[in-house]
Amino acid sequence: MDSCLLCMKQRSLNVLVLIFLLYCFVSATYGYDPLDPNGNITIRWDVMQENQDSLQDVRISIVNEQLFRHVELPGWKLSWAWVGDEVIWSIEGAEATEQGNCSAFKGRQLPHCCLKEPTVIDLLPGAPYNVQVANCCKGGVLSSMVQDPVNRVAVFQMHIGSGGSNSSNLKTGMPANFSLGLRGYTCGDPVQVPPTKFYEDHGRRKTQALATWNVTCIYSQFKSSTAPTCCVSLSAFYNETIIPCPKCSCACNGQAGTGECVKPGELPPTLQQLSPHNEAPKAVVQCSDFMCPVKVHWHVKQSYKEYWRVKITVTNLNYVKNYSEWNLVVLHPNLSNVTQVFSFNYKPLNTYGNINDTGMFYGIDHYNDMLLQAGKTGNVQTEMLMHKDEEIFTFREGWAFPRKISFNGDDCVMPSPDMYPRLPNTAHFHAPPPPPPFFIVFTMLLLIYFLS
């Protein structure tokens with residue numbers, strides 16, 4: 001009986017361990033973000049018109065449904081695989097990167113693209129008006145829902161059809177194997193949904209597509225980068241110690257494969273200017289113990305009778321990258337009492353209803369919305385004034401420091417909580433570790449033995 005009970009307990013333990021490992025794997029692989037649980041990028045494929053000769057007019061929309069994660073230059077590169085021998089006859093609002101082999105077609109006008117797996121990119125701002133459509137021509141950049149909801153959508157239109165010799169008898173099918181061409185994003189299969197409806201005449205008339213498919217693409221930081229890209233350092237007015245970023249947060253200085261680094265005071269190497277649609281170069285960061293491209297510093301600056309003040313500094317240590325439309329997401333229980341934020345825009349993220357402990361900071365347009373490359377101007381900073389909540393406010397046990405910080409949607413490496421700056425009366429006090437349980441049990445047995 002005892003052996004069966006022990007066996008059942010062992011199996012239960014194995015199941016719990018398996019569930020935990022699966023949860024960790026799924027969370028890392030599929031990129032579930034508790035601060036943005038429904039975040040994704042949706043590709044919407046609307047069939048607007050279908051002719052008797054199997055030609056279709058389709059409208060493709062790329063919609064960023066993420067609260068704070070955006071797409072910056074070099075932008076999206078949408079690709080898919082045709083199920084048949086379809087071709088793109090014409091396109092507005094975007095362009096295919098290659099035309100491919102169109103030698104099978106005769107006549108004055110060849111198809112825009114004859115590739116089996118075309119790659120389409122957004123047009124640049126300033127494209128000719130005769131090739132533009134609404135919400136196009138942003139160079140592949142998509143803003144986030146919170147930061148700039150107007151510019152979170154990209155749209156282009158195509159005239160497509162089968163390219164076979166007997167194309168009038170062929171049906172144009174829905175493509176497969178969609179990809180955004182962005183690191184960290186994985187797209188699922190197309191799913192047919194109710195047709196999209198469009199408003200005309202100032203909303204007085206509605207039309208709809210003939211058919212609509214959605215493709216959902218989700219982000220995973222684990223797939224985007226093998227190492228973190230930012231870290232956090234801490235300090236406070238009540239303690240002279242500055243807690244730096246944890247050592248080797250993003251890489252170890254001098255380790256093979258970590259790329260180049262520039263020592264403080266030295267000039268970076270001459271860098272080649274890249275066109276918008278080239279791949280970004282490998283980071284050339286400032287040499288440090290943590291080797292991160294971005295560092296966030298949280299400083300508890302001052303305490304008043306009813307308020308307290310925090311200074312946040314974001315420093316770019318990457319010599320080959322500017323961060324446009326950057327943002328910072330902070331998790332802290334006192335963000336429900338933010339009174340004023342200086343020099344940054346701020347919006348609370350009430351993901352879970354009345355729980356207001358998460359906020360998003362981002363730059364002011366044409367002032368500090370661009371975090372410039374490493375150097376004297378490679379930082380942005382703000383100060384934040386918060387009201388003290390009498391029920392929860394304290395400077396003890398590191399309560400004044402954030403629980404989580406992410407930069408551009410990627411989690412930053414935080415110092416260990418036992419390293420946080422302490423109040424003066426506990427700054428140098430370390431409680432002795434409790435005795436191990438087996439030692440307590442052994443001592444009790446000895447006492448019982450000698451007293452009996």
Side-chain angles (χ1 to χ4, degrees), residues 68-75 141 182-184 219-235 242-276 278-299 311-330 344 361-363 368-382 402 404-416 419:
F68 45 81
R69 190 172 290 110
H70 66 284
V71 176
E72 56 185 347
L73 291 174
V141 174
L182 301 170
R183 286 189 306 176
Y219 177 82
S220 167
Q221 183 177 351
F222 178 79
K223 286 190 173 184
S224 175
S225 176
T226 56
T229 56
C230 64
C231 64
V232 178
S233 58
L234 307 170
S235 62
I242 298 177
I243 306 302
C245 287
K247 191 174 183 180
C248 297
S249 294
C250 301
C252 293
N253 192 359
Q255 183 180 2
T258 57
E260 301 179 58
C261 75
V262 179
K263 296 180 180 179
E266 292 185 356
L267 294 175
T270 303
L271 303 171
Q272 182 179 2
Q273 193 71 19
L274 297 175
S275 63
N278 280 348
E279 292 295 331
K282 195 170 184 179
V284 179
V285 303
Q286 190 178 103
C287 296
S288 63
D289 289 336
F290 48 87
M291 294 292 287
C292 291
V294 174
K295 183 182 78 169
V296 181
H297 184 73
W298 179 283
H299 174 62
K311 182 177 181 180
I312 303 174
T313 304
V314 185
T315 305
N316 186 1
L317 301 174
N318 190 346
Y319 286 96
V320 294
K321 184 175 177 61
N322 297 328
Y323 293 94
S324 60
E325 295 190 11
W326 60 269
N327 67 71
L328 204 68
V329 174
V330 178
F344 284 3
F361 301 84
Y362 55 98
N368 57 2
D369 59 332
M370 175 79 76
L371 178 56
L372 299 178
Q373 64 192 43
K376 294 182 179 180
T377 58
N379 69 85
V380 289
Q381 51 189 309
T382 185
K404 179 180 179 181
I405 289 182
S406 68
F407 178 81
N408 280 355
D410 287 342
D411 292 344
C412 300
V413 179
M414 299 284 296
S416 175
M419 299 296 294

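Residues take their numbers from the sequence shown, with the count starting at 1.
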V330 vs W298, side-chain contact (heavy atoms from CB on, under 4.5 Å): CA-CA, chis, key distance, verdict: CA-CA 11 Å; V330 178; W298 179 283; 3.8 Å; yes
Report the residues that fulfil salt bridge (charged side-chain N to carboxylate O under 4.0 Å, His left out) with E72, sequence neighbours left out, ordered by chain and then residue number. K321
Could you state the interatomic distance from [atom1] ([X]) to [atom2] ([Y]), rounded to the nearest 0.5 Å?
X    : Y    : atom1 : atom2 : answer
Q381 : I312 : CD    : CD1   : 11.0 Å
Q286 : T315 : CD    : OG1   : 9.0 Å
C250 : M291 : SG    : CE    : 9.0 Å
M419 : L234 : CE    : CG    : 10.0 Å
N322 : M370 : CG    : CE    : 5.5 Å

Qualifying residues under side chain to side chain donor-acceptor pair (under 3.5 Å), relative to [X], sequence neighbours excluded:
X    : answer
H299 : S235
K247 : none
T226 : none
T229 : none

Are any non-hydrogen side-chain atoms of [X] and [Y] less than 4.5 angstrom apart?
X    : Y    : result
N316 : L372 : no
V294 : N318 : no
W326 : V380 : yes

Pairing residues for C245 by the side-chain contact (heavy atoms from CB on, under 4.5 Å) criterion, not counting sequence neighbours: C231, S233, S249, F290, K295
Cysteine SG atoms at C261 and C287 closer than 2.5 Å: yes
Please set out all donor-acceptor pairs under 3.5 angstrom arising from side-chain atoms of residues 406-415, sequence neighbours excluded.
{"residue": "N408", "atom": "OD1", "partner": "N327", "partner atom": "N", "Å": "3.0"}
{"residue": "D410", "atom": "OD1", "partner": "Y219", "partner atom": "OH", "Å": "2.8"}
{"residue": "D410", "atom": "OD2", "partner": "Y219", "partner atom": "OH", "Å": "3.3"}

